[in-house]
Amino acid sequence: MPLRPAARSPVSTPAMRLDKAYDPSAIEPAWAERWVSEGLFRAEAASAKPAFSLVIPPPNVTGALHMGHMFETSQVDITMRWQRMKGRNVLWLPGTDHAGIATQMLVERQLAKEGTDRRSLGREQFLERVWAWKETYGGKIAGQLKRVGASCDWSRERFTMDPGLSRAVTECFVRLYERGLIYRGEYMVNWDPGTQTAISDLEVEYETRQGHLWHLRYPVSGSDVDSVVVATTRPETMLGDTAVAVHPDDPRYKHLRGRSVTLPLVGRSLPVIRDAFVDPDFGTGIVKVTPAHDPNDFAAGQRHGLEVIPVLDDRARINARGGRYEGLDRYEARERVVRDLRALGLIERVEDYTNSIGVSQRSGEAVEPMVSTQWFVRAKPLAVAAIRAVENGSTAILPEQWERNYFEWMRNIRDWCISRQLWWGHQIPAWHLEDGTFVVARTEEEARREAASRGLAVTRRETDVLDTWFSSGLWPFSTMGWPDETEDLKAFYPTSLLNTGFDILFFWVARMMMLGIAMTGEAPFAKVFIHGLVRDAGKQKMSKTKGNVVDPIEMTNRYGTDAVRFALVASAGQGSDVVLKEERIAGYRTFANKIWNALRFVGISLEKAGADVWTPQDLASFRPLPDEATGEVSLADRWIFSRLNSVSAEANRQIDEFRYHEVAGTLYHFFWHEFCDWYIELKKISFADGTGLTAGWKNMLAATERSLRLLHPVMPFITEDLWQRISANTPGRPKSIALAAYPEPDPGDSDPEAERQIGILRELVTAARNLRAELSLPPRDLFRGTVFSEVRAVREVANGQPEALRRLAGVELAAKEGKAEAGGAMGHATEFDLALAIPENRMAAMRAKLEKQLGQLERAAQGARSRLRNEDFVSKAPALVVESLRGKLGDYDSRLERIRKTLAGL
RNA sequence: GGGCGGCUAGCUCAGUUGGUCAGAGCGCCUGUCUUACAAGCAGGAGGCCGCCGGUUCGAAUCCGGCGCCGCCCACCA
């Protein structure tokens, strides 16, 4: 009997009695579950093996797996499985992010449906609701990652609001505060009226919108005739104006020095200040100054000691300072202010104007610059260290082009507003005191002690929570138990690699670099690999609003995970975007089917051979066995092991360098176009003629097994399933292919002679097939022919492989030394001419074919000749290049001559 | 305003240090249901590598300029 049913396989089919068509859905879910339940991917805290670690970019707990995750996961999984197979102690740490605003909004929407809201629930009850939501629905993405076979260590799964991670957040906050790197103060921030919280600069997206530029006339105080005209895109903010400004050198407004103007509608007197921030060429060269609602004006206000008059509230409605406009939304107020000014004749003119306005990434509402008391991280000192880490190579950012963006951003970094007026998140560990000051402490007890030592009482805890990215910024080490000096930290920090998208380079990677170095003294990653975006077939970015998202799980169910991940990694050059087409996924399902059927052949042929059960002790170091009769390893076996050697070398290098699309291509080409197209076809022949059976099938089995291991990181499911079947009888094998050794190149398998001979065979077969196709010879007929060649090896192959030539090309050939004789159906290759005995009525087709060839060759020869006539080329180009061109030309010429002779003989 | 990336076969893209680099997959055309696979097999057509200059014996590859396309950053009222 051939191979036994794989006892461990979750599939019920007997070992190698495979169905004709591969059905991924029949095996994938079972393996996915098994990998997790057996804890196959658990990292060891204490291990003699070198560690390789990576933390997952934690997806939002509200999220579902999208193609971007799938792409990233596929790349990472290739690297992780490869590292594991290479004997590393691999940690891939999974988890999710609490996603402050997103999650809070989601639960708030739920409450709204119930007719209530968070304020009526109160903070404590609301948070209970969010936690309940998280417990019920928060595990979705983890389940999906498991389904697609991500080889994470699920025993180490983390959530950014786990107690341990929250402790790390507090610790980090306190340490930064103690070092003077966190401060609280009243500054201009981006206020999101939608979510009613401050947001960071990064959370503001800019959109260009069609608006207007209103020219408003402000009368000069103490004059009935003099007035100035200011231009603004936001007339409603005039209610908060506290000055107008001109450029100090602007000659047009020298007379305004020391004067003031009167703010219409309000009546306030505004000084005319002189400041270089004014662009004299814009508008009228005079600008209204609203320190409370414009960042530039705020800065100017500080320089000139202007009063800050906020006129908008948290929802961007006009507040009490706005007098009769109080209660109006900012846009309504704009219309009313314009109308009222127009009534007073103070609208000089209105221009159409395109400007870019800041929009909240979360709520989509226009961000309002507002002065507000918030908490900030002093970013510069942190950035200095983060820049140095990349400069000195502690961390490599790949592809290198991204380094520049990183440096650019880090060098121009501004302070980071980290407080959010939300409830869901890490509450800032600060306590306010009765005198209006505050203390920062790890616990409330500590805060009270501290306060008491200053003779003060604590009045309340700070209600603001931290920006989600603050806790994500600690992810590489908070997940490993920091601030304690845990075994995990010692073993796995700094991590080996981070694989993430450029869209969160600043949000996340940059913050991890800064906070990681500040807290641990070490940059959190040795390498950062930045991947591209997944786009739809029309190159559009996938987004829910566009409705063009392709659900990876749906694709997975339809085509199999292996096909989806193969399509993703094979479609993306290093760091470039993926344009995902469903046909491409379908194409790789075909590849999986090809693998399946190759193994089906292996099973069937072993069964036919009636071979006894074979229990190779060590497939990993297997060397092809000699045929019992001849005492020699068969040519096909020598060849495939030689190829396996080269392919192993390539695959190892390509994965190591994150050239995922290349390793996909290498393995695809090897397995389909070498293993299947030639190796299996040759094995069929040797099995058919009944020679060297035992060694032959053992060798094939070992080559197959090695191929599966090569493919495993890229196609984990199908390789696991098939590997389980073919290795079922191997004693002492690992319990999963994922724990087997990745094939290393072995120079002992390199066999140039075998590669040369198979190369010749392929050329002979191809030449014969080509002739047959071009001349429309009947597919089933066998044709006799002669191979003319000066090359001994060619004649040897032509004479020595009659079965292969007959079965693969339908020809019976005799080899002759020397050049082709004229006439007949003739194929010409570099090293040989092939003459086939064919029916007379095909000669016209033959002539056409040869004439076409003649033309091509003449052009090639022409080109080579003219280059060789060029003395500069001959004298300056390396001798090797010149020689090879000479050889090529000689070859062209001799082929031309032979073709002409053949044509003449027709 | 600054910066980055792209422009290669009908489509989507590879081409690592300049000399078999003009490629792959899909699509297309022709033949073929040969018992591993028709989701297959065999063969084939198709491209002045965006444009213009330059460096070089030699450029898809290096340099400069231009043209589209996309993205990022920036406090242009």
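Each chain gets a letter, A, B and so on, in the order the sequences are listed, and its residues count up from 1.
On the C1' atoms, B:C7 is 16 Å away from B:C52, given to the nearest whole Å. The same atom, P, is picked in B:C37 and in B:C49; the two are 44 Å apart, to the nearest Å. Going from the C1' atom of B:G47 to that of B:G23 covers 11 Å, rounded to whole Å. For the C1' atom pair drawn from B:C26 and B:G64, the interatomic distance equals 38 Å after rounding to whole Å. Rounded to the nearest Å, the gap between the P atom of B:G70 and that of B:C21 is 35 Å. Taking the C1' atoms as reference points, B:U56 lies 9 Å from B:G18, given to the whole Å. For the C1' atoms, the distance from B:A60 to B:G50 is 12 Å, rounded to whole Å. Here the separation of B:A22 from B:C48, taken at their C1' atoms, is 12 Å to the nearest Å.
Ranked by how close their nearest RNA chain B nucleotide is to the 5' end, A:K20 and A:V765 are led by A:K20. Between A:Y668 and A:D677, the one whose closest nucleotide on RNA chain B sits nearer the 5' end is A:Y668.
With sequence neighbours excluded, no residue forms a ring-ring contact (aromatic ring centres under 6.0 Å, His included) with A:W678. Remark: A:S571 pairs with A:V578, A:R584 by the side-chain contact (heavy atoms from CB on, under 4.5 Å) rule, at least two apart or across chains. A:F566 meets the ring-ring contact (aromatic ring centres under 6.0 Å, His included) test with A:Y588, A:F591; sequence neighbours excluded.
One side chain, A:E203 or A:S200, offers a donor N or O that lies under 3.5 Å from an acceptor on the other. Of the N and O atoms on the side chains of A:Y187 and A:D415, not one donor lies less than 3.5 Å from an acceptor on the other residue. At a cut-off of 3.5 Å, with distance as the only test, a side-chain donor of A:Q654 or A:T666 sits close to an acceptor on the other residue.
Minimum interatomic distance between A:M67 and A:V550 (heavy atoms only, all atoms of both residues): CG-O, 3.3 Å.
Distances from the side chain of A:R414 to the nucleotides B:C75, B:A36, B:G43 place B:C75 closest. Between B:A77, B:C26, B:G19, one nucleotide has an atom nearer to the side chain of A:F873 than all others, and that is B:G19. When the nucleotides B:G43, B:C26, B:U20 are ranked by their closest atom to the side chain of A:K888, B:U20 comes out on top. Distance from the side chain of A:A877 is smallest to B:G19 among B:C26, B:U34, B:G19. The side chain of A:R653 approaches B:U16 more closely than any other nucleotide in the set B:G43, B:U16, B:U34. Relative to the side chain of A:T766, the nucleotides B:G43, B:C76, B:A36 differ in distance, and B:G43 lies closest. For A:N593, counting side-chain heavy atoms from C-beta on, the closest listed nucleotide (B:C37, B:A36, B:C41) is B:C37.
If you take CG on A:D294 and CZ on A:R234, they are separated by 8.5 Å, rounding to the nearest 0.5 Å.
The phosphate of B:A39 has neither OP1 nor OP2 within less than 4.0 Å of any side-chain N or O from A:N597. Side-chain N/O atoms of A:Y22 include none lying less than 4.0 angstrom from OP1 or OP2 on B:A36. Put simply, A:W672 has a side-chain N or O that comes within less than 4.0 Å of OP1 or OP2 on B:C41. Between A:S884 and B:U20, a side-chain N or O to OP1/OP2 separation shorter than 4.0 Å is absent. An OP1 or OP2 oxygen of B:A77 is reached within less than 4.0 angstrom by no side-chain nitrogen or oxygen of A:K288.
Ion pairing of A:E657 with A:R653 is present here, as a side-chain N (NZ or NE/NH1/NH2) and a carboxylate O approach within less than 4.0 Å. Using a 4.0 Å cut-off between a side-chain N of Lys or Arg and a carboxylate O of Asp or Glu, A:R349 and A:E351 qualify as a salt bridge.
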Extract from the structure each pairing of a protein N or O with an N or O of nucleotides 11-15 of chain B at less than 3.5 Å, listing the distance.
from, atom 1, to, atom 2, distance (Å)
B:C11, O2', A:K581, NZ, 2.5
B:C13, OP2, A:K539, NZ, 3.4
B:A14, OP1, A:S576, OG, 2.8
B:A14, O3', A:H661, NE2, 3.2
B:A14, O2', A:H661, NE2, 3.3

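Rounded to an integer number of Å, the gap from NZ of A:K683 to P of B:C37 is 19 Å. Across the protein-nucleic acid pair, A:E763 atom CD and B:U20 atom C1' stand 13 Å apart, rounded to whole Å. Between A:Y559 atom OH and B:A39 atom C1' there is a gap of 11 Å when expressed in whole angstrom units. With rounding to whole Å, A:R780 atom CZ is found 6 Å from B:U34 atom C1'. Straight-line distance from the CD atom of A:E883 to the P atom of B:G58: 20 Å, rounded to whole Å. The interatomic distance linking A:R589 (CZ) with B:C37 (P) rounds to 17 Å, in whole Å.
Across all strands, A:E774 comes closer than 4.0 Å only to sugar-phosphate atoms, never to a base (heavy-atom distances). Counting any heavy atom pair closer than 4.0 Å across all strands shown, A:R769 reaches sugar-phosphate atoms only and no base atom. Using a 4.0 Å heavy-atom criterion, one finds that A:L505 contacts no nucleic acid atom at all. Counting any heavy atom pair closer than 4.0 Å across all strands shown, A:E681 reaches a base atom. Residue contacts for A:H673: at a heavy-atom cut-off of 4.0 Å it reaches the sugar-phosphate backbone alone, with no base atom in range. Contact annotation for A:G285: base contact, defined as any heavy-atom pair under 4.0 Å involving a base atom. When heavy atoms are screened at a 4.0 angstrom cut-off, A:D279 is found touching base atoms of the nucleic acid. Note on A:P369: nothing from the nucleic acid sits closer than 4.0 angstrom, heavy atoms only. Looking at heavy-atom distances under 4.0 Å, A:F566 makes no contact with the nucleic acid at all.
No more than 12 heavy atoms of other residues, nucleotides or ligands shown are found within 6.0 angstrom of CG on A:L880. Annotation: A:E348, atom CD; neighbour count of heavy atoms from other residues, nucleotides and ligands within 6.0 Å is above 12. The environment of A:Q210 atom CD is dense: over 12 non-hydrogen atoms of other residues, nucleotides or ligands sit within 6.0 angstrom.
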Intermediate values then yes/no, side chain to side chain donor-acceptor pair (under 3.5 Å), A:D279 and A:H247:
CA-CA 7 Å; A:D279 175 3; A:H247 191 93; over 6 Å; no
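A donor-acceptor contact shorter than 3.5 Å links the side chain of A:H293 to the backbone of A:V311.
Side chain A:K684 to base B:A36: a donor-acceptor pair is found below 3.5 Å. Judged by distance alone with a 3.5 Å cut-off, a donor-acceptor contact links the side chain of A:K594 to the base of B:C37.
You'll find the side chain of A:L808 stays beyond 4.5 Å of the side chain of A:K684, heavy atoms only.
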Under a cut-off of 3.5 Å for both distances of each Watson-Crick or G-U pair, what dot-bracket string does RNA chain B give, using [ ] for crossing pairs and | for inter-strand pairs?
(((((((..((((.....[...)))).(((((.......))))).....(((((..]....))))))))))))....
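A heavy atom closer than 4.0 Å to some atom of RNA chain B occurs in A:Q401, A:R404, these being the qualifying members of residues 397-407 of chain A.
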